[in-house]
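Scope of the values below: all heavy atoms of this structure, side chains included, with no hydrogens, waters or symmetry mates. Everything quoted here is computed from the prediction, not taken from an experiment.
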Amino acid sequence: MPRIASALVTIALTSLVATGSGCDEQLSDLTGPTPNLTPTLTSIQNDIFSAADASGRVACTGCHTNVGRMPLAGLNLVGGTAHAALVDRSSVAKPGAILVVPGDPDNSYLIQKLEGAAGIVGQRMPRTSGPFLTPGQVAVIRRWIALGARND
Ligand code: HEC
């Protein structure tokens, strides 16, 4: 019995160590197809709004651009315009909803649209029936909002 107990402790410790070392890699693992994604608007702009990724997820600016068209939903996510278009701005479709509420990711309609939350008006984004953002990509955008949604 003691031998089994000590074997169990060894297994538990080994998995703890494995989990611990996994932490270092976790952010890039989590953000998957955009391993360099960090919670700044510049990073989110470059990796999400303006760019497709290896998962097949399209760029937001395929539709949300003023280049050669009217941006869909009046939302221009081209670099240099996204902060003003999102932060403290009302949704055009859902009365009372604010696209990005600094410090409050849960109440930011952008997050609800990216997660396909219950109660959104229209479809989950990107409006292509997927691939959608990974949970890790959304977590980084949530973090940017939690940190104050700065124009950084
Ligand atoms: C294929 C075109 C298309 C793509 C790509 C797309 N959108 Fe949209 N988006 C739309 C359309 C059309 C609407 C309005 C209808 C709806 O909400 O379904 C919209 C609405 C939105 C809204 C709500 C605006 C409001 O005022 O209510 C947000 C936020 C949004 N999109 C964010 C994004 C983000 C972020 C991405 C990229 C991850 C993205 N969209 C990709 C077409 C697109």
Side-chain angles (χ1 to χ4, degrees), residues 12 14-152:
T14 310
S15 60
L16 260 184
V17 170
T19 314
S21 67
C23 280
D24 292 339
E25 297 149 37
Q26 204 174 14
L27 189 61
S28 59
D29 285 355
L30 204 71
T31 57
T34 51
N36 298 321
L37 185 64
T38 59
T40 66
L41 183 57
T42 302
S43 182
I44 294 165
Q45 182 74 53
N46 292 340
D47 273 353
I48 305 285
F49 294 162
S50 294
D53 69 33
S55 76
R57 194 251 324 143
V58 301
C60 310
T61 49
C63 299
H64 296 287
T65 179
N66 63 343
V67 180
R69 69 183 300 167
M70 293 291 288
L72 290 181
L75 180 60
N76 187 5
L77 294 179
V78 164
T81 68
H83 192 267
L86 288 170
V87 177
D88 293 321
R89 297 304 290 263
S90 298
S91 160
V92 295
K94 179 157 181 168
I98 305 293
L99 298 182
V100 168
V101 182
D104 193 351
D106 283 340
N107 284 313
S108 293
Y109 192 58
L110 169 69
I111 296 295
Q112 296 170 16
K113 289 287 275 182
L114 291 174
E115 293 179 341
I120 59 170
V121 173
Q123 293 180 20
R124 185 176 181 183
M125 292 294 133
R127 206 173 191 276
T128 47
S129 308
F132 299 111
L133 274 64
T134 66
Q137 289 172 323
V138 176
V140 172
I141 300 176
R142 281 179 161 275
R143 182 81 185 134
W144 168 68
I145 296 173
L147 291 170
R150 289 186 301 247
N151 197 359
D152 56 1

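Annotation: side chain of I48 is not in contact with side chain of S43 (no heavy-atom distance under 4.5 Å). Residues Q137 and D53 form a side-chain contact, since some pair of their non-hydrogen atoms from C-beta on lies under 4.5 Å apart. A 4.5 Å side-chain heavy-atom check between I44 and L37 finds at least one atom pair inside the cut-off.
Taken to the nearest 0.5 Å, the OG1 atom of T134 stands 11.0 Å off from the CG atom of L114. A distance of 10.5 Å separates OG of S91 from CD1 of I120, quoted to the nearest 0.5 Å. Residue H83 holds its NE2 atom at 10.5 Å from OG1 of T42, rounded to the nearest 0.5 Å. A distance of 10.0 Å separates CG in N76 from CG in L86, rounded to the nearest 0.5 Å.
Under the 3.5 Å distance criterion, the side-chain polar atoms of Q45 are matched with a main-chain donor or acceptor of L77. Proximity of a side-chain donor or acceptor of S108 to a complementary backbone N or O of D104 within less than 3.5 Å is detected. Proximity of a side-chain donor or acceptor of S55 to a complementary backbone N or O of R57 within less than 3.5 Å is detected. Between the side chain of K94 and the backbone N or O of G119 there is at least one donor-acceptor pair closer than 3.5 Å.
Between A51 and N46 the shortest heavy-atom distance is CB-O, 3.2 Å. In terms of heavy-atom proximity, G79 sits nearest to S50 at N-OG, 4.4 Å. Counting all heavy atoms, side chain and backbone alike, V58 lies closest to T128 at CG2-CG2, 3.9 Å. Counting all heavy atoms, side chain and backbone alike, E115 lies closest to R124 at C-NE, 3.6 Å. The two residues Q112 and D106 make their nearest non-hydrogen contact at NE2-O, 3.0 Å. Looking at every heavy atom in both residues, R69 comes nearest to G62 through NH1-O, 3.4 Å.
R89 CZ: 12 or fewer foreign heavy atoms inside a 6.0 Å radius.
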Show, in sequence, the C-alpha distance, side-chain angles and deciding distance for L99 and L75, and conclude whether the side-chain contact (heavy atoms from CB on, under 4.5 Å) test is met.
CA-CA 10 Å; L99 298 182; L75 180 60; 4.0 Å; yes
Take V138 and F132, measure what side-chain contact (heavy atoms from CB on, under 4.5 Å) needs, and give me the verdict at the end.
CA-CA 10 Å; V138 176; F132 299 111; over 6 Å; no
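Just one residue in the list V101, I141, I98, V87 forms a side-chain contact (heavy atoms from CB on, under 4.5 Å) with L110, and that residue is I141. F49 pairs in a side-chain contact (heavy atoms from CB on, under 4.5 Å) with only one of the listed residues (T81, L41, T65), which is L41.
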